[in-house]
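Have a look at the structure below before the remarks.
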Amino acid sequence: MANKNLSIPRGFPEDRLAAARLYHSRFDWAIHALFGPKESVSSPGKQPVNRRGWPKWTAEQVTDEYLQKHFGNGQARNVGCVVRRPHVVIDLDSKPDKGASVRKWLDKHPELQRAPRERTGGGAHLHFICPDLPVFRNPQGNLHNKALAVQLNEKVEAELFFDGLNIVLAPSKHPNGHTYYWEVKGEIPSVTWN
């Protein structure tokens with residue numbers, strides 16, 4: 001990732017195939033297909049099409065044929081990313097008010113205003129590069145396979161998505177009808193774990 005231009009462009013494509021190609025070619029992200037928001041699956045809009053093995057999916061496995069098959073075929077598939085270090089995503093949610101409390105919380109944190117941010121169906125995704133991110137293990141010593149979550153206040157929850165976890169990317173559609181979009185564009189900042 002060190003040699004890639006990690007900046008969300010001003011004219012970000014609204015087409016899912018073009019967006020998937022940009023994420024893969026410019027950022028080297030492990031892009032994969034997610035079922036669309038109206039498909040009959042257990043987690044519409046977020047569930048990977050490849051049910052097995054997706055946590056090990058890498059950018060090297062992504063081909064233009066794969067992208068064309070899943071995003072250029074007329075199906076309403078969502079764009080997913082298997083997060084790979086050093087990329088991390090913070091998912092801020094206040095689902096009952098469709099993200100209004102998240103926006104109020106972000107207004108009180110000017111240090112986060114310039115970080116590239118996607119507007120999601122229930123809040124926002126903030127993207128960072130964290131080269132010294134630790135490896136997370138559960139109490140049994142196994143690698144964590146779920147986002148780490150914390151309640152920031154009574155209305156806002158934050159989840160940290162790290163290596164091997166699935167995140168939905170713009171311009172995907174949320175089951176509530178919202179289309180994810182980049183509301184803050186620009187360079188993805190590098191941060192330390194501290």
Side-chain angles (χ1 to χ4, degrees), residues 1-36 45-50 53-73 77-92 106 111-121 123-136 147-148 158-174 178-193:
M1 259 194 212
N3 298 333
K4 294 284 183 176
N5 175 5
L6 297 176
S7 182
I8 305 302
R10 287 182 189 215
F12 194 85
E14 294 178 18
D15 172 74
R16 292 179 197 172
L17 176 59
R21 284 178 170 154
L22 185 147
Y23 291 131
H24 181 251
S25 67
R26 188 178 288 189
F27 304 153
D28 207 23
W29 287 355
I31 299 305
H32 68 140
L34 306 176
F35 285 106
K46 297 182 179 184
Q47 184 175 320
V49 170
N50 299 335
W54 68 261
K56 296 185 187 293
W57 187 251
T58 65
E60 292 77 26
Q61 291 173 277
V62 180
T63 63
D64 198 57
E65 292 79 20
Y66 175 87
L67 297 177
Q68 182 65 41
K69 175 183 174 184
H70 290 286
F71 305 112
N73 61 4
R77 292 278 158 86
N78 276 349
V79 180
C81 176
V82 179
V83 179
R84 292 285 170 228
R85 63 179 43 231
H87 179 211
V88 294
V89 180
I90 297 173
D91 181 11
L92 300 172
L106 283 166
E111 70 277 12
L112 298 175
Q113 294 304 313
R114 294 183 135 186
R117 181 171 67 230
E118 291 174 279
R119 176 79 63 93
T120 67
H125 289 162
L126 290 92
H127 293 255
F128 298 95
I129 301 301
C130 185
D132 62 344
L133 185 74
V135 173
F136 300 107
L148 301 178
E159 292 179 292
L160 176 66
F161 284 78
F162 50 88
D163 197 49
L165 300 182
N166 174 49
I167 196 81
V168 181
L169 297 174
S172 297
K173 267 240 193 256
H174 192 277
H178 172 81
T179 299
Y180 291 62
Y181 67 92
W182 288 98
E183 64 180 348
V184 177
K185 298 169 184 158
E187 187 175 343
I188 298 175
S190 185
V191 296
T192 66
W193 178 240

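Positions are given from 1, in the same order as the sequence printed here.
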Test item: Val62 and His32 side chains (from C-beta on) under 4.5 Å apart, heavy atoms
no
Would you say Asp132's side chain and Thr192's backbone share a donor-acceptor pair under 3.5 angstrom?
no
Between Val82 and Pro55 the two heavy atoms that sit nearest each other are CG1-O, 3.8 Å
As an exercise, state the distance from NE2 of His24 to CD of Glu60, rounded to the nearest 0.5 Å.
7.5 Å
Under the 3.5 angstrom rule, does the side chain of Gln68 hit a backbone N or O of Leu17 as a donor-acceptor pair?
no
Contact between Val184 and Leu126 at the side-chain level, heavy atoms closer than 4.5 Å - yes or no?
no
In sequence, state the C-alpha distance, the side-chain angles, and the governing distance for Glu118 and His127, and then conclude on side-chain hydrogen bond (donor to acceptor under 3.5 Å, both in side chains).
CA-CA 9 Å; Glu118 291 174 279; His127 293 255; 2.7 Å; yes
Minimal heavy-atom distance between Ser190 and Pro131, with the atoms involved, is OG-CD, 3.7 Å
Could you check whether any side-chain heavy atom of Arg16 comes within less than 4.5 Å of a side-chain heavy atom of Lys173, counting everything from C-beta outward?
yes
Closest non-hydrogen contact found for Pro171 with Thr179 is O-CG2, 3.5 Å
Once you round to the nearest 0.5 Å, how far does CD1 of Ile129 lie from CD of Glu187?
9.5 Å
Any donor and acceptor pair, going by atom type alone, linking the side chain of Arg84 with main-chain N or O of Trp57 inside 3.5 Å?
yes
So does Gln47 get a backbone contact from the side chain of Asn166, meaning a donor-acceptor N/O pair under 3.5 Å?
no
Below 4.5 Å, heavy atoms only, C-beta onward: do Tyr181 and Glu14 meet side chain to side chain?
no
Do the non-hydrogen side-chain atoms of Leu106 and Gln113 ever get within less than 4.5 Å of each other?
yes
Any donor-acceptor pair under 3.5 Å from Asp163 side chain to Arg85 backbone
yes
Measure from the side-chain N and O atoms of Tyr23 to the backbone N and O of Ala170, and report whether any donor-acceptor pair falls under 3.5 Å.
yes
Contact check, side chains of Ile31 and Tyr66, non-hydrogen atoms, under 4.5 Å
no
Here's a test for you: under side-chain contact (heavy atoms from CB on, under 4.5 Å), which of Val83, Ile90, Val89, Leu165 qualifies with Leu160?
Ile90
Do Arg21 side-chain atoms and Leu67 backbone N/O form a donor-acceptor pair below 3.5 Å?
no
Under 3.5 Å donor-acceptor, His174 side chain and Tyr180 backbone:
no
Can you tell me how far CG of Leu6 sits from CZ of Phe128, rounded to the nearest 0.5 angstrom?
13.5 Å
Ring centre gap for Trp54 and Phe35 strictly below 6.0 Å
no
Working to the nearest 0.5 angstrom, can you tell me the gap between Lys69 NZ and Thr63 OG1?
9.5 Å
Check whether any side-chain N or O of Lys185 sits under 3.5 Å from a backbone N or O of Arg10 as a donor-acceptor pair, and report yes or no.
yes
Between Ala30 and Thr58 the two heavy atoms that sit nearest each other are CB-C, 3.6 Å
To check you understand the geometry: which heavy-atom pair defines the closest contact between Ala158 and Leu92, and what is its length?
CB-CD2, 3.6 Å
Using the side chain to side chain contact (heavy atoms under 4.5 Å, CB included) rule, take Leu34 and Arg77 through it: C-alpha gap first, then chi angles, then the decisive distance, then the call.
CA-CA 6 Å; Leu34 306 176; Arg77 292 278 158 86; over 6 Å; no
